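None of these values were measured; they are calculated from a predicted model. Computed over heavy atoms, backbone and side chain alike; hydrogens, waters and symmetry mates excluded. Convention: sequence-line order gives letters A, B, ...; per-chain numbering from 1.
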Amino acid sequence: MVETTVELIIHHYIAEHVDETFDYDTEIFEEGLVNSLFAIQLMTFLEKEFGIKITMDDLDMDNYKSIHAIGEFVRRRQERDER
Amino acid sequence: MRGYLTLSQQATYHAFIEFVSTYVEPQANRWDIEQRIPSDVIRQCAEKGYLGATMPQEYGGQGFDYLTYGALTEAIGRGSISLSGLFNVHTMVMESILKWGSQEQKADWLPLLAAGKKIGALAMTEPSAGSDLMMMQTSYHQQGDRFILNGQKKWITFGAAADVFLVFGKLAGTEPIACLVPKESPGLSITPIRDMLGFKAAHLATLDFDQVEIPVTHMIGRPGFAISYVAPYALEFGRVSIAFASLGLLRACLETCGPYVMERKTFETALIDHGMISHMITDMGVDLEAATLLGLEAVKAKDNHSPDATEKIMMAKYFTSRAGTRHATNAVQIMGALGCNEHHAVARYYRDAKTMEIVEGSNQIHQRLLGKEFAKRAKRRMQRSEVAKEAQETR
Ligand SMILES: Cc1cc2nc3c(=O)[nH]c(=O)nc-3n(C[C@H](O)[C@H](O)[C@H](O)COP(=O)(O)OP(=O)(O)OC[C@H]3O[C@@H](n4cnc5c(N)ncnc54)[C@H](O)[C@@H]3O)c2cc1C
């Protein structure tokens, strides 16, 4: 798995909100690292930081489960928007 | 509030205030006594375009930014908290469709809702599921291209006046989903709830769903995401409405009590010159200012699409609704017997203020989330500064 700037930025943002140590594959929601409002905060962060718009088509927990998954989702979304 | 707005925002805010002082404030006590806002008033709000305040112009809305929407709900809240409830729930439904709806759903519903030709209401709470929405028992079962809906929703603001409901439930008993349910759906019964403490004129209702059939195309978002994404996203708009309507209520308390304490005399002294009364008015004014700043910070964050908006909006809702209760209680105290009569607006402020602490996530739920977040953040900061200090010392 490649570690890119996207993942670094996401890691930095999530690290500001959790105490526990976690890596790029930690399932942040599943393992209860964040509270119930964090999903919306993270969504807004991703939209603003990476210039994407999350819609109903993106409602898939696999997109948000870990930093790696989010990074891949963001890249896919950016590519789709460019097309 | 006015002092913090640009000149053009001030002009818009002035128009809201004119509308409220002409059509809302003079009738608001009567609406409470009759326990209903007349449909004419809803029509007037629609004609002004206010019901489509935050919707983009392509759907016939006003395209207001959230600061302007805040100013609108502040003005409406100054006149009638019950009427502010309409803006609250209607906006939550529209914003949910705008964010999570398909292109067809947006095209079908948003122009009608933005124009106020249809009124939307949000149905989450049930007799045994309020703060803890995971306890919801309302069920959806899929049969081909239809959902069959069963269950009951309670305390639904404008439930007895709305045309369409965004109804939360669980698909096949597990996955939270939310669907648009038109009021004329066979099997849906709507029973008005009377005799609330506050929100008296806000057409609250119980909704009973008995084998209600709706097309699967009425689902908003996807199965599994109604509680984690659709509801909190909607509630963020609800909290903006509650924060600013409570701000209007705080202003109402000060604007009612201020002139009164200057005129009314006891023991040959104006009330304002009694230290205890002056203390109450001081706190009212300071909290009004603090709440205004918190509210403005929150909507500015929302306008900037900042992730911090979620927390700032919660802080504004929490602080302003609590301040509303404190100062509406003091307003009754200041007005004496006058404030204890339901024909006086202060009695209404007192009843409505308490309600604002319960809706859109009760203030205890806000404490649960905000308190822990603040403590965790402080701990992290202290740990980081200790680590930095140690690193410096070992250098
Ligand atoms: C005027 C009015 C209008 C409303 N409009 C709508 C509407 O339009 N749509 C809709 O779906 N619902 C609506 N509601 C319902 C409202 O959202 C709920 O009342 C609210 O979520 C609280 O739920 P509850 O009343 O079941 O109280 P409960 O959840 O049973 O809570 C009871 C008390 O316990 C506290 N509490 C709960 N959990 C905790 C905890 N973990 N820690 C500490 N304290 C806790 C609560 O703060 C509350 O004080 C409305 C309610 C009112 C009063």
Side-chain angles (χ1 to χ4, degrees), chain A residues 6-22 26-67 69-71 73-74 76-78 80-81 83, chain B residues 96-106 131-134 175-178 219-237 239 301-302 304-314 361 365-366 368-373 375-381 383-384:
Chain A
V6 174
E7 272 85 357
L8 274 175
I9 294 171
I10 298 165
H11 182 272
H12 184 75
Y13 180 70
I14 295 175
E16 277 178 10
H17 292 82
V18 302
D19 292 329
E20 297 82 353
T21 47
F22 62 98
T26 306
E27 302 208 352
I28 52 167
F29 290 101
E30 192 70 14
E31 294 186 22
L33 263 52
V34 289
N35 70 26
S36 58
L37 291 171
F38 189 69
I40 295 295
Q41 284 171 286
L42 178 64
M43 175 185 85
T44 311
F45 170 76
L46 297 175
E47 289 187 329
K48 187 162 169 105
E49 185 68 32
F50 301 110
I52 56 175
K53 192 158 181 241
I54 293 174
T55 67
M56 68 176 285
D57 296 329
D58 307 310
L59 290 178
D60 180 344
M61 250 355 254
D62 284 347
N63 289 337
Y64 311 106
K65 63 180 184 191
S66 65
I67 292 179
I70 301 170
F73 162 67
V74 167
R76 268 201 318 277
R77 202 64 183 76
Q78 283 173 325
R80 195 172 87 194
D81 287 351
R83 258 187 262 130
Chain B
S96 301
I97 300 173
L98 185 67
K99 178 69 182 167
W100 305 116
S102 64
Q103 289 310 326
E104 295 74 34
Q105 287 170 333
K106 290 182 207 179
S131 307
D132 184 0
L133 281 178
M134 285 312 280
E175 292 189 293
I177 68 165
M219 178 173 59
I220 297 294
R222 291 244 169 110
F225 289 87
I227 291 185
S228 49
Y229 283 78
V230 181
Y233 184 80
L235 287 172
E236 205 158 285
F237 293 93
R239 289 182 187 128
K302 186 89 183 145
N304 288 331
H305 204 57
S306 160
D308 294 344
T310 301
E311 188 179 282
K312 287 182 191 284
I313 290 169
M314 289 185 75
I365 298 301
H366 278 63
R368 216 167 94 106
L369 292 165
L370 290 175
K372 189 144 184 210
E373 201 50 44
K376 279 170 70 178
R377 197 174 305 154
K379 184 179 162 203
R380 272 197 301 275
R381 279 211 192 106
Q383 277 172 343
R384 276 177 202 157

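A:Asp58 does not touch chain B: none of its heavy atoms, backbone or side chain, sits under 4.5 Å away. Using a 4.5 Å cut-off between heavy atoms, A:Asp19 touches chain B through backbone and side chain atoms alike. Contacts between A:Tyr13 and chain B at a heavy-atom distance below 4.5 Å involve the side chain alone, from C-beta outward. For B:Tyr233, the parts lying under 4.5 angstrom from a heavy atom of chain A are both the backbone and the side chain. Proximity to chain B (any heavy atom under 4.5 Å) is restricted, for A:Met43, to the side chain, taken from C-beta onward.
Here the side chain of A:Glu47 pairs a donor or acceptor atom with the backbone of A:Ile54 at under 3.5 angstrom. Using modelled atom types, no side-chain atom of A:Glu49 and backbone atom of A:Val6 make a donor-acceptor pair closer than 3.5 Å. Judged by distance alone, the side chain of B:Lys302 and the main-chain N or O of B:Phe237 form no donor-acceptor pair under 3.5 Å.
Salt bridge status for B:Lys99 with B:Glu236: absent, with no side-chain N to carboxylate O gap under 4.0 Å.
For the set A:Leu59, A:Asp57, A:Thr44, the entry with the most heavy-atom pairs within less than 4.5 Å of chain B is A:Leu59. Listed options A:Asp60, A:Leu42, A:Leu46 were ranked by heavy-atom pairs under 4.5 angstrom with chain B; first place goes to A:Asp60.
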With side chain to side chain contact (heavy atoms under 4.5 Å, CB included) as the criterion, how do A:Phe50 and A:Ile9 come out once you've worked through the C-alpha distance, each side chain's angles and the decisive distance to 0.1 Å? CA-CA 10 Å; A:Phe50 301 110; A:Ile9 294 171; 4.0 Å; yes

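Counting only N and O atoms by type, the side chains of B:Arg368 and A:Asn35 include no donor and acceptor under 3.5 Å apart.
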